[in-house]
Amino acid sequence: MSYAKPKVAHPAIAKNELGYTRRDYEGSISTLCAGCGHDSISAALIQACYELDLPPHQVAKISGIGCSSKTPTYFLGASHGFNSVHGRMPSVVTGANIANKDLVYVGVSGDGDTASIGFGQFSHIVRRRLNMLYMVENNGVYGLTKGQFSATADFGSASKGGVPNPYDQIDLIQMALQLGATYVARGFSGDKKQLVPLIKGALSHPGFALIDCISPCVTFNNHEGSTRSYEYVREHDVPVVTADYVPYAKTIKVDYEPGTGTSVKMHDGSMLNLHKLEEDYDPYDRKKAINYLLDCQEQGKIATGMLYVNPDVTDFHDILETVEEPLSSLSYDRLNPGADALESINASFR
Amino acid sequence: MSYAKPKVAHPAIAKNELGYTRRDYEGSISTLCAGCGHDSISAALIQACYELDLPPHQVAKISGIGCSSKTPTYFLGASHGFNSVHGRMPSVVTGANIANKDLVYVGVSGDGDTASIGFGQFSHIVRRRLNMLYMVENNGVYGLTKGQFSATADFGSASKGGVPNPYDQIDLIQMALQLGATYVARGFSGDKKQLVPLIKGALSHPGFALIDCISPCVTFNNHEGSTRSYEYVREHDVPVVTADYVPYAKTIKVDYEPGTGTSVKMHDGSMLNLHKLEEDYDPYDRKKAINYLLDCQEQGKIATGMLYVNPDVTDFHDILETVEEPLSSLSYDRLNPGADALESINASFR
Amino acid sequence: MPDLKSVNELVLRFANVNGSGSASANSLVGKSFFRMGLPVGPKNIFPSNIQGLPTWYEIRVSEKGYTGRRGSVDVMVAMNSQTFQQDVADLVPGGYLLYDSTKPLNPHGRRDDINYIGIPLTQIAVSKYEQARHRQLFKNVIYAGALSALLDIEFDVLCDLLGEQFRGRDKIIESNIDALQTGYDYAKRYYDCPLPVRVERRELVGDRILVDGNSAVGLGAVYAGATVAGWYPITPSTSVIDAYTKYASKLRTDETSGRKLFGIAQAEDELAAIGMVIGANWNGARAFTATSGPGISLMSEFLGLAYYAEIPVVLVDVQRCGPSTGMPTRTQQSDLMACAYASHGDSRHVLLLPATPDECFEFSMLSFDLAERLQTPVILVSDLDLGMNDSVSKPMTVAPDYVWDRGKVADYEMLENGFEFYRYLDIDEDGIPYRTYPGTHPTKGAFFTRGSGHNKYGGYTEKGPEYKENMERLLGKFSTAATLVPEPVIEDKGRPDAVLYFGTTLEPMVEAIDELNQQGYSLDQIRLRGFPFSEEVWAFINRHDRVLVVEQNRDAQMRSMLMIEGDIDPARLISVTQYDGMPVTAEFLVTAITGHLSDDPAVSQRLSA
Amino acid sequence: MPDLKSVNELVLRFANVNGSGSASANSLVGKSFFRMGLPVGPKNIFPSNIQGLPTWYEIRVSEKGYTGRRGSVDVMVAMNSQTFQQDVADLVPGGYLLYDSTKPLNPHGRRDDINYIGIPLTQIAVSKYEQARHRQLFKNVIYAGALSALLDIEFDVLCDLLGEQFRGRDKIIESNIDALQTGYDYAKRYYDCPLPVRVERRELVGDRILVDGNSAVGLGAVYAGATVAGWYPITPSTSVIDAYTKYASKLRTDETSGRKLFGIAQAEDELAAIGMVIGANWNGARAFTATSGPGISLMSEFLGLAYYAEIPVVLVDVQRCGPSTGMPTRTQQSDLMACAYASHGDSRHVLLLPATPDECFEFSMLSFDLAERLQTPVILVSDLDLGMNDSVSKPMTVAPDYVWDRGKVADYEMLENGFEFYRYLDIDEDGIPYRTYPGTHPTKGAFFTRGSGHNKYGGYTEKGPEYKENMERLLGKFSTAATLVPEPVIEDKGRPDAVLYFGTTLEPMVEAIDELNQQGYSLDQIRLRGFPFSEEVWAFINRHDRVLVVEQNRDAQMRSMLMIEGDIDPARLISVTQYDGMPVTAEFLVTAITGHLSDDPAVSQRLSA
Ligand SMILES: Cc1ncc(C[n+]2csc(CCOP(=O)(O)OP(=O)(O)O)c2C)c(N)n1
Ligand SMILES: Cc1ncc(C[n+]2csc(CCOP(=O)(O)OP(=O)(O)O)c2C)c(N)n1
Ligand code: SF4
Ligand code: SF4
Ligand SMILES: [Mg+2]
Ligand SMILES: [Mg+2]
C-alpha cells in the first residue's frame, strides 16, 4: 500500500536542464520506518538524478527483496521498476542491460540480499563489468524479517558494547576490489553531502559502480548486549510489552570534512567511526585502496568516500561485442536471417 | 561404473602407525581421463592420510558435481562419501560437521563447482570457520560438461597465446584471505612433493583450510587461439573428425625448489608460470600474503605453497558453543527435556 | 438501531497502525477471555512491512467453541485513521465502535445502525504522560481497560496477566494497571457498562492452552531430539526456529559446561539451509529446517537428492499466500503440490498436515521418526494462520513410553556380527533399506551416497534395469509411508455426501458443520493428516457418493493429489476453494457447501423430504 | 545357424570406449545410409564421463520408415572388451559380430547362433600408421570401410561425405579414404560380401534432413529473433545454446561493424540464467535459456515470479533421467509436472511438446510468440533422445509471411494517443493485459513490476478481493493459452480405444501401431503437442472408451495432468510407462498395449470376432 503523493503544481519551482523539477524524480510515499536510513538514500538518488539531468524514464530500477529493495517505489516514479526475488537482482539487471544498453541501471539491494543469499550473483555481476550503479543499502541486519544479523553485521563492531558478532563480516568493498570493479565507494546514508556526489559519479561511470552505503536500521539495531538495543529497551524501559512497537526515530545526519573522522551515534547507542577520505587520497590505485581498507579495518575505522575508480573501463557490451543499437530495438527484419540461409542450413543436414 | 580394484594381499607391504597399508587408503579405479590432474590430487590425498595415520573410516568425503567431485570414489574406499549436488558441497559438509565434530572432513570441489554456482556457499563456509579441508581441483574449465570456461579460467592467461578470456578470474585464495580463512595454500597437482605436505598441514589444521590446487584438464584445455588446443588439433592435425577423441596424455609432473619458479607446459601447449614460495616466506601475515598475491598477479606468476596460516583458530563449534561430544552421539535421554519441563511449558500458555 | 445482544459470542477487532505497540495490549485482551474460561480465536492480520501500515487483530470469543473466523465484527476498536471508513463498514448492524474522540468524528459516512463509543484516548494520554513513547504505548492499555468495563472482562484477570508478564518489576506492573484503570473508569463513567455484547466467566477450556503453531513445532523438534537446525529467515516460518532456539537454549544447555546440546546455523539462503540439514542427517543427527513458499522452490533440487539418495530430512513449510513473493503476511494452503512433488524427475514426498497446535507438536516429533524410519524428506505443512496465530489447543504431550525411532541403522555390532550391508537392498520388503552412519566401523559399512544412478548394492549404475529396480523399490517405500503417516480423522455415519478438509480449515469447519446440520444438510467428514493417503482415506472416499474437497488455494491442489494418487473419479470430488489470503470462515463454508449440495437433485429431495 | 536376411531393415550397433574417437566414424556410417535414400534412426548411448567408459552407437535402418529403437541388434561392431560379452549377447540369432581379431577371441561364451567376422583392426592399424593417435583413430575408419563391403554401403557415398566434411583439405580426405579402402578390401577378401543383411539405395527420404533436435531449437531461436540467451552448461541441453551461438554468430553478425546482433551470457548458475532471461524479456528483448532437470528445480522460484508478474520467458528443458542427478546421459520424460506446476503457490505454465526436429524448430519459434502473446513462461519440453540424437525430419521452414508476434505492448504512439494503460487490466477479456517496455515514454506507461500482491492497476495490494480478482484473470489467461498452443495430431476413425502420447514416443509408436494393426488391434491416436490441453484434446478423450496414456516416466505424470486439468475419469486413462532411461521401443509398446487391451473383455471379443 504505497499512497500516491498529491501532485501539486508549483509554478515557480526550479527545473533542471531538461525542464524537470525535483518532484519529477520522486516516487510514492515511503512505507519504511520513520528515520530509516534507506529513505535518505532514496532522497540522495533523487537529488543526484535531478542534478545529472537524467530523463527519469530512461532509468530502470531493479531490486531484490527487503526493506531496501522496496525503495525503488519511493524514487523516480516515472521510471520502470522491478522488485524481483530475494538476492537475484544482479541477474535480472544483467539480462535487462544486455537487452537495452541505452538505459541507466540502478540496482538496489540490501546487505542480506547482496551478502547472504545474493553473494554469488553479486560477485559475478562485478566480474561481468556491467554498466550500472549497484547500491547496497547496508544496515547489517535483515530489516524486513525483523532483525537477524546479516553477513555484513558488525561494520561498527569495534565500538559496540556486548558480545561481538562471532562471524567475520563480509566487506563488499574489498570483495568488489578483488573482483575487478572499476568504481568502488562507501557512503553513509546520513551524509548527503558526500553521498550525492558519489551517486552522481557512479551514474556517470561507464562501467560497474558499487556504492556500499551504510544505512542505519532504526528498528532492528538490536545487537545483543548493546545497552540501547531494542531488546534492551524492551526488557528494561518501556512499560508494556512492545512486540511491535517501533519508537519514533530521527534520521541520522552527519556533516564533516574530508580527511577527518566522526563518531556517529546510532539509534541503538552504538558508535560508528566514520572516516572520510583525505582530499588528496589517490583513488586510482587499486592496491593502495586494498591496503588502505586493511589498515582501517585494523584501526576500527570505516573509510567512506570514493575508494577506487578506474576510468578506463570495459563494459559488458564490449565483452559481448554487441552492436551499437540496443538489442531490444532491432526489428525482425534485421534479426531474420531469411529463407535462403535456412535452406542452406537444411542442405547441410542432408 | 567404477570397477573395484582387485585386492591382492602383499604380506611385506609397509604399514603406518595404525597398521594400515597405503592400499587401505585407496578407492575404486578412477574413470577420469588418462593424465587428468585430479587423479594426482587423489593420490596425494591418499598419501597424506596414510602418512598422517588417519583411520580411513574417520574421514568423511563430500563433494559437489563435476569430474573433480567424482574423485572421492577414487580415494579412501573405507570412508563414507557423498557426491551431492552441483555447487552445494559446503552446506552439506557444514551440516555434517555440526552433527559430528569428531570426523575429519575432506570437501572436494571443482572450480565450476566452487567459483561459479557454488561461490555463495564457498564464501559463507569460509566465514563460518568450519574445521575441514576444502580442496578445489582447479582446472579453469568445466570438465564434465565439456570444456566451457569457468570463473577461474585464465590462471595461466599471461602466457597463453590467443584471445584472452574477457572475464577477470576469481582468485579463490584472495577471496578466502578476505573472508578470514586461517589456512590458505595453493598447490599444483603435478607437484606431489609440495602438495602432500600442504594436505597434511590442512588436515592437521584445526580450522578451515583451503587448498586451491591447479589441476590440468588434459581434454578440454581448449582455450580459443591456443595453438595446441583441442579445437586447433581438431581443425588442423587429426585426420578425422574427433568429436569424442581424447588423446592419451601423460600426467604433468614438476619438481623444483622453494623460492624458484618453473614454467610448466600444459597439455594445450600453454605455459604456466609457477612460483614456489621462498623458504623464509612468512605465512603468518595476512596483509603481506594479500600483497604478495597482488604482486604475483601483476607479474603473471602463480604463487604456490602455504600462503597464509593462522594457527590461532576459532572452529565453528566454538561459535556454536556445542558440547564436547558429537551431537550425533547424544542419546535420547540426554536430549529429552522430560515431561515436567513440558508441563511447565504448557502452563506458560494458560 | 438493531439490537445486538450476546454473552460469550462475539467478534472483537482492533484496527491499528503497525509499529505502534498495540499488539501487546490487544493480546492481553485476547488472553483475558481465555483466562475467563472461554474458547477464543485471535487472528493477527498484519502487513508486510515494519511500521506505519494498517494492521488488525481480531478476537473471536465463543462459548460454543467456534474459534475460527466468523466474517463480521461486533465490536471494533478503530485506532487507525487510514482505514477508519472500512473499519466502520465492517461492523454488523447494532455493533459497537470504540474510537479516539480526541478529535471530532468526520460526520460524513456516519452509520446510524451502529453504536459509537468515543473515548478521548490521546487527550487522556497526553494529560497523563510526558514522554511521547509512553503516550503512544499507554493509549493502547487505556482502551484495553475501557474494554474491560464495556465487555465485562474481569479486571483482576487483566491485572494478573500483567503481573505474570512483568513478574518482579512492580513499577511497570503498577503503571500498566493504572492505565487500565483509567480506561476502565472512563468507560464506566460515560457509558452503560457492560454492553449487551459481553462476556461472562465459564469453565470451558479445562487444561487447554493458548499457543501458536510455530512454537509448538519448534518445541516438538526439541522433544524429538533434533540437534541441528539450518535455516534462513522468512515470514511466516521464522518463529519456528525462534521457538526451537528459545526452548533448546533453555532445556538443552549442559548444566556443568554451559555448552549446548544443539547447533543452529543461520544459512546464507534456503539452498544452504536444506543442504545443512541433509549433511547433518546423513551424519546421524536429527536435523531440520523451516521455510515458506519461496524457500520451498529454492529447496527443490536438494529435496530431489534427499528423495533419491534416501536421506532423512525434516522440513517445515509454513505456507503463505503465493505465487512468488505473493502476500507474505497472508495465509494459504497453496504449496501442497510444490511440496508433494518437489523436484524434477519422478520424486514425491511425505507430508504431514497438522490442524492444531497440539498436532503441530505431535507431528513435529513424528516427522523426525518418519524421516528416519523412511529415510526420506518429511514435510510438515503448516500455514501462517496456524503457525502465527494463537489457538486454543489440547496441551502438548509426549507418551510416557516414547522412544525415538531412528529407523534402520546398521551399527558397529551388527556389522561386526556379520550383517551383510548393502545400502539400497530391500531385505524386509517394505522398500526401506539399511543405512550406516559415517565413522561406524573401520572396514565394514562404508558406502557412497550419490544423487546419480545407483543399484541396490549402492554402486553407481547407468544400467536401465538396475536403475528401474531401485526406482520401483522407492515406490514400494512410498506405499509403506502411507501406512505410517497419521490416519485421517473421520466421522462417518453412512451419509451419502461428505466433506474432506485438512489443516486450518478445521476450526471454521466445526462451526459450519453445525450450521449445515441446522439447515438440514448432514455430511460425513474426513480430515486428512498425512500424505501419501492411506487405505482409510480411499475407503472413506469410496463409501461416499460425493466428497466436497475444501482447501485454501486456487487450483484445488489437494483434489488433484487425490485424483492422481487414488485414481478417484473426479465427478465424485467437488472442489470448494477459498484463497484470498484470509483464513476461511464458517460463513463462506456454509454458503459454498450448500451451493454445491443444493445443485444436486438427490440432496434437494432429501432436504425437502 | 538361424537364417537372417534382410534388405534395408536392420539394426547396426557399435560398441566402443568413449574418448576413442569412434563417434565420427560411426556417424559417417549412419549418414551414409541416409544418403542412400534410407530412413535411419541413430542413437548415441554414452556414459556420464569423458574418457574410458563404454559407449554405444546404434543405427536403425528401415525402408518402412521405422526409425525408433527396435530393441535388438543384427550387426554388432564390438570394439570394447569391457562390454564384449554383453554385446555378443545382444545380437539376434543369426546376427553378425564384427570384432578385432588381432587377439584371438576367448572361446568361453561363444555363441553358435551368430556369425563372427574377425578383422585384425589393431594389427592393420599398427602396420599402416606410426603415431599412436593415428592408429587409434584410423581403426575406426577401417571398420567403417569393412562395413561398406559387408552391408553394401555405397563406397562413393562414404567418400563424398568425407569430401564434404574436409573440403579443401585433400590430404586428410585422401588418408581417410585410404583407411576406408583398407577395411573395404579386407572384408571383400575374407568374407562373402555383402552379407544377407544389407542395404540398397532407395528414394525414400526426399527433401528430409538428418538433424538433432537441439540444433533445431537453437536455430529456431535465431529465426524467432531471440537476441539474448543466459545459460548454464548441463547435459543434455548444452548443445541448444551451442547451436544458437553457432548460427547466431554466422547469421547475425553485423557485416560492416563485425559486431553481434545478440548477446549470450554464460551465467554462474541456473538461477542467474533464468534471472537474466526475465530481465531481458522485461526490457523488451526476446530472451531464452536452456537447461535440464536440476536446472528446472533451481529455476522454479524465478518461474513463479515470471508467472505472477507476467513476464515472457522461453525455457527449453531437455529432459534427462531423474530424479536428482540421476542418469544424466539417459533419456526420460519425467519433468512434466515439475515444469507444468513449477514453483510454490498456485502457478502453472505453458508447455510445448515437440516430437521431431522440425517441430523443435517450429515450436522454438512459436515459444517466443506465445511467451510474448501470453506474457508468461513457455517451456519447450524436449528430451535427450530428441535433443541429442539425429532424426530424419522434414526440413525446417518458416512461413513466407511470418512476422513475429510481440503480443500486447503499448508503445509510445499508443500512450501518446491516450491509451489508458494499467498493467494488469484485462481489457480484451482474454486474460492478457498490456505491458510497456522500460523507457518508452517520458511520463506515461511506467509501471512497477513485482512478485508481491498487486491489483489490476498494477498497484501493490494486500487486499484479498483485489488479489483474487487478479489470480482469477490469470486462470482466464491460461484458458486463452489452451487455444494458442499447437493442436494435437489426431487420427480418429471412431474406434473405441485410443493411444495418447507425445514427444519421442512418436517414432516407435508409428511402428507399434502398424504391428498392432497386424495383430488385429486397431486404435485411434492422439499426439499431444501443448499444455494446457485444448478442447480438441478433451473432445478426443471423451469420444473414446479408453485411452492408453504412454509416457517415459515412472509416475504417469501426463496422465496425472490430464486428470487434474480435465477432470477425466481415471478409469478411462490406462497408463503405459517405460522409464529405464533408454528410448522406448516399438516392441515394448506392442507388448504393453496388447497386455492392457487383451485384459479387456470387450477387446478380446472384438479380436476374436
Ligand atoms: C527466497 C527468500 N528467502 C527469504 C525471504 C525473506 N526475506 C525477505 S527480506 C529478507 C532479508 C532482507 O534483508 P536485507 O537485504 O538486508 O534488507 P533490509 O530489509 O535490511 O533493508 C528476507 C530474508 C524471501 N523473501 N525470499
Ligand atoms: C544444477 C546443475 N547444473 C549444471 C550441472 C552440469 N554440470 C555437471 S559438472 C559441471 C561443471 C563442473 O565443472 P568443475 O566444477 O570445474 O569440475 P571439473 O569437471 O572441471 O572437475 C556442470 C555445469 C549439474 N550437474 N547440476
Ligand atoms: S525495519 Fe529497519 S530497514 Fe526496515 S524500514 Fe524499518 S528502519 Fe528501515
Ligand atoms: S575432462 Fe578434464 S577434468 Fe574431466 S576427467 Fe578428463 S581431464 Fe580430468
Ligand atoms: Mg539489511
Ligand atoms: Mg573445473
Side-chain angles (χ1 to χ4, degrees), chain A residues 1-2 55-60 62 65 72-73 77-86 88-100 102-103 120-121 123-124 128 316-317 320-324 326-330 332 334-339 341-343 345-350, chain D residues 208-211 219 222-223 225 227-228 230 247 251-252 254 257 259-265 267-269 271-273 275-285 287 301-302 305 395-398 400 403-404 436-443 446-452 459-462:
Chain A
M1 273 171 253
S2 37
H57 72 295
Q58 295 297 317
V59 179
I62 304 181
I65 297 284
T73 345
S79 310
H80 276 68
F82 193 161
N83 194 187
S84 65
V85 292
H86 192 31
R88 319 294 176 191
M89 172 273 278
S91 60
V92 176
V93 74
T94 300
N97 185 307
I98 302 176
N100 186 352
D102 280 359
L103 299 184
Q121 294 219 341
S123 305
H124 282 272
R128 274 186 207 106
F316 192 38
H317 283 270
L320 296 176
E321 298 178 342
T322 50
V323 289
E324 283 286 299
L327 295 175
S328 62
S329 71
L330 300 172
Y332 186 64
R334 282 207 63 195
L335 296 173
N336 177 13
L342 188 55
E343 189 33 47
I345 292 167
N346 277 323
S348 75
F349 290 116
R350 282 187 188 119
Chain D
R208 305 210 164 194
I209 58 177
L210 186 64
V211 66
L219 185 62
V222 174
Y223 273 85
T227 51
V228 180
Y247 289 117
L251 304 170
R252 284 259 212 81
D254 188 71
S257 66
R259 293 184 75 90
K260 296 172 183 160
L261 294 151
F262 61 94
I264 301 173
E268 61 273 27
D269 64 12
L271 290 92
M276 291 175 186
V277 171
I278 287 174
N281 274 303
W282 174 77
N283 216 5
E301 188 196 18
F302 255 134
L305 172 72
M396 301 176 278
T397 51
V398 183
V403 269
W404 63 5
T436 57
Y437 301 143
T440 298
H441 192 283
T443 55
F447 67 94
F448 203 85
T449 305
R450 48 168 77 80
S452 47
Y460 180 79
T461 193
E462 293 182 356

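Each chain gets a letter, A, B and so on, in the order its sequence line appears, and its residues count up from 1.
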Is there a donor-acceptor pair under 3.5 Å between the side chain of [X] and the backbone N or O of [Y]?
| X | Y | result |
| --- | --- | --- |
| A:Asn83 | D:Arg450 | no |
| A:Arg350 | D:Ile209 | no |
| D:Tyr223 | A:Leu335 | no |
| D:Arg252 | A:Pro337 | no |

Measure distances from [X] to the heavy atoms of chain A and classify the residue's part below 4.5 Å as side chain, backbone, both or neither.
| X | value |
| --- | --- |
| D:Leu219 | side chain |
| D:Thr397 | backbone |
| D:Tyr247 | side chain |
| D:Ala272 | both |
| D:Leu261 | both |
| D:Phe302 | side chain |

Among D:Gly284, D:Pro438, D:Gly439, which residue has the highest count of heavy-atom pairs closer than 4.5 Å to chain A? D:Pro438
Residue, of D:Gly263, D:Ala280, D:Pro442, that accumulates the most heavy atom pairs under 4.5 Å with chain A: D:Pro442
Check whether [X] gets within reach of chain D through its side chain, its backbone, both or neither, counting any heavy atom under 4.5 Å.
| X | answer |
| --- | --- |
| A:Ile65 | neither |
| A:Thr322 | both |
| A:Arg334 | both |
| A:Leu330 | both |
| A:Val323 | both |
| A:Pro326 | neither |

Just by distance, no angles: are the side chains of A:His80 and D:Thr440 close enough, under 3.5 Å, to form a donor-acceptor pair? no
Give the member of A:Ser328, A:Gly81, A:Ser329, A:Ala78 that has the highest number of heavy-atom pairs under 4.5 Å with chain D. A:Gly81
Among D:Trp282, D:Phe447, D:Phe448, ring pair (Phe, Tyr, Trp, His ring centres under 6.0 Å) partner for A:Phe82: D:Trp282
Are any non-hydrogen side-chain atoms of D:Glu268 and A:Gln121 less than 4.5 angstrom apart? yes
Distance-minimising heavy-atom pair for D:Asn283 and A:Ala99: CB-CB, 4.0 Å
